[in-house]
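In what follows, a structure is listed as structure tokens, so that the remarks can point back to it.
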Amino acid sequence: MSGFPTVRPRRLRRTATLRRMVRETAPRIDQLIAPLFVRHGSGVVRPIASMPGHAQLSVDMAVREAESLAELGIPAVLLFGIPAHKDALGSENFDPDGIVPRAAAAIKRAVPELIVISDMCCCEYTDHGHCGIINTPQIKYYDERLAEGYLLNDPTLEILGQAAVVHAQAGADIIAPSGMIDGMVARIRTALDLAGLHQTAIMSYAAKFASSFYGPFRDAAESPPGFGDRSEYQMDPANRREAMREVTLDVEEGADILMVKPALAYLDIIRQVRDRFELPLAAYQVSGEYSMVKAAAEKGWIDERRVALESLTAIARAGADMIITYWARDAARWLRG
Ligand code: PBG
């Protein structure tokens with residue numbers, strides 16, 4: 001009585017209702033996090049050419065967008081700032097009048113229940129586009145033992161700690177350090193606690209790979225590195241064991257939520273983190289994952305909605321509790337039916 005012809009798995013695929021009954025995974029609106037790009041000005045909606053459907057928004061427009069995302073049931077937004085000025089230290093990142101603190105405050109005022117996450121990195125704010133302080137003789141942190149152009153780890157931590165406090169004081173509920181700087185979680189936790197911000201959570205980009213799938217984002221956030229690439233700090237896409245080590249360190253440093261990024265090409269990492277660690281896990285479906293589908297759909301080669309939902313289902317199936325996705329708004333509509 002084992003095997004075909006007695007056993008026929010197709011019996012449970014015969015009708016839509018049967019398939020619905022045996023479905024194991026479905027992405028939920030509660031899992032979605034919507035990225036927003038904010039810039040100075042008012043009434044600004046500046047479309048991002050490489051990411052159709054997305055735009056850089058001034059704070060007033062970002063507030064409107066946040067309100068409508070919340071109405072759709074989306075629980076959180078992830079803020080990226082485009083500063084007015086860029087410099088070697090990325091000063092606007094720790095300026096209380098900077099673009100992200102302003103946006104965070106305005107969004108929390110308008111939609112208090114919406115969770116505001118701040119992507120904590122230097123690359124949007126530095127004139128060289130790297131995720132921290134770069135070693136050059138012109139800066140006070142210059143270290144002659146290290147190569148010029150090397151990203152200085154510990155001085156960068158100082159800035160991340162300071163900026164995290166500024167963003168949290170403005171209203172960010174969660175700080176999400178994304179620079180793959182050693183010790184960033186511990187340093188941010190300490191800085192937040194010293195400022196009395198014990199309730200501000202840390203969502204760590206724990207295993208973030210030096211990925212070419214970030215291409216369209218660098219256009220969106222105006223943050224391409226001016227020289228070299230990010231492989232001296234982000235992880236080699238080839239390394240799974242090292243990813244587990246990175247995650248372990250962030251757990252030890254006090255992360256509240258872990259993240260794997262990108263998502264679709266790294267489902268094995270998502271699954272392994274899910275199986276090994278108890279903390280909530282986020283996956284970041286990055287700009288390239290979105291724009292490739294958009295471009296192919298525009299050509300009529302694939303069905304955007306079906307491909308997007310299939311990808312989100314796969315990411316949830318791999319074990320992600322939360323999914324940062326540029327389809328958040330569309331997916332919420334689609335999932336509502
Ligand atoms: C760094 C950051 C990046 C992304 C999120 N945070 C860019 C990078 O590491 O080069 C990429 C997101 C995406 O591609 O959607 N602040």
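Everything numeric in this text was worked out from a predicted model, so none of it was measured. Indexing begins at 1, ligand by ligand and atom by atom, following the structure's order. Throughout, numbering of the chain's residues begins at 1 and tracks the sequence.
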- [ ] Kindly compute the distance separating CD (Glu24) from OG1 (Thr313), expressed to the nearest 0.5 Å.
- [x] 12.0 Å
TODO: Would you tell me which option among Phe217, Phe209, Tyr125 has the nearest heavy-atom contact to atom 3 (C) of ligand 1?
DONE: Phe217
TODO: Kindly assign one of parallel, tilted or perpendicular to the pair Tyr284 and Phe80, based on the angle between their ring planes and the thresholds 30° and 60°.
DONE: tilted
- [ ] Kindly state whether the ring of His54 and the ring of Tyr326 have centres lying under 6.0 angstrom apart.
- [x] yes
Open item on the list: Would you say His167 and Asn93 are linked by a side-chain donor-acceptor pair, where the criterion is simply a distance under 3.5 Å?
Closed with: yes
Task: Atoms of ligand 1 close to Phe80 [distance to a heavy atom under 4.0 angstrom, numbered from 1] - done: 5 (C), 6 (N)
Task: Residues Arg64, Asp60; criterion salt bridge (Lys or Arg N to Asp or Glu O under 4.0 Å); working and verdict - done: CA-CA 7 Å; Arg64 281 202 212 167; Asp60 52 337; 5.9 Å; no
Open item on the list: Contact between ligand 1 and Tyr284 is defined here as a heavy atom of the residue under 4.0 Å from a ligand atom; is it met?
Closed with: yes
TODO: Could you establish whether Lys208 and ligand 1 come within less than 4.0 Å of each other, counting only heavy atoms on the residue side?
DONE: yes
Task: Given Ile257, Leu258, Asp173, the one that forms side-chain contact (heavy atoms from CB on, under 4.5 Å) with Met203 - done: Ile257
Open item on the list: Can you tell me which portion of Ser287 lies within the under-4.0 Å heavy-atom range of ligand 1? Options are side chain, backbone, both, or neither.
Closed with: both
Open item on the list: Is Lys261 close enough to touch ligand 1? Criterion: a residue heavy atom under 4.0 Å from a ligand atom.
Closed with: yes
Task: ligand 1 atoms in contact with Asp119 (distance to a heavy atom under 4.0 Å) - done: 6 (N), 16 (N)
Task: Residue Tyr326 vicinity, atoms of ligand 1 by number, heavy atom under 4.0 Å - done: 12 (C), 13 (C), 15 (O)
Open item on the list: Quick check: closest heavy atoms across Thr126 and Ala88, and the distance to 0.1 Å?
Closed with: CG2-O, 3.8 Å
TODO: Could you list which atoms of ligand 1 come closer than 4.0 Å to a heavy atom of Cys121?
DONE: 1 (C), 16 (N)
Open item on the list: Could you tell me, atom by atom, which parts of ligand 1 come under 4.0 Å of a heavy atom of Glu124?
Closed with: 16 (N)
Task: Sub-4.0 Å atoms of ligand 1 with respect to non-hydrogen atoms of Cys123 - done: 1 (C), 16 (N)
TODO: Could you tell me which non-hydrogen atom of Leu157 sits nearest to which non-hydrogen atom of Gly183, and how far apart they are?
DONE: CD2-C, 3.7 Å
Task: Protein heavy-atom partner closest to atom 10 (O) of ligand 1 - residue, atom, separation in Å - done: Arg218 NH2, 2.5 Å
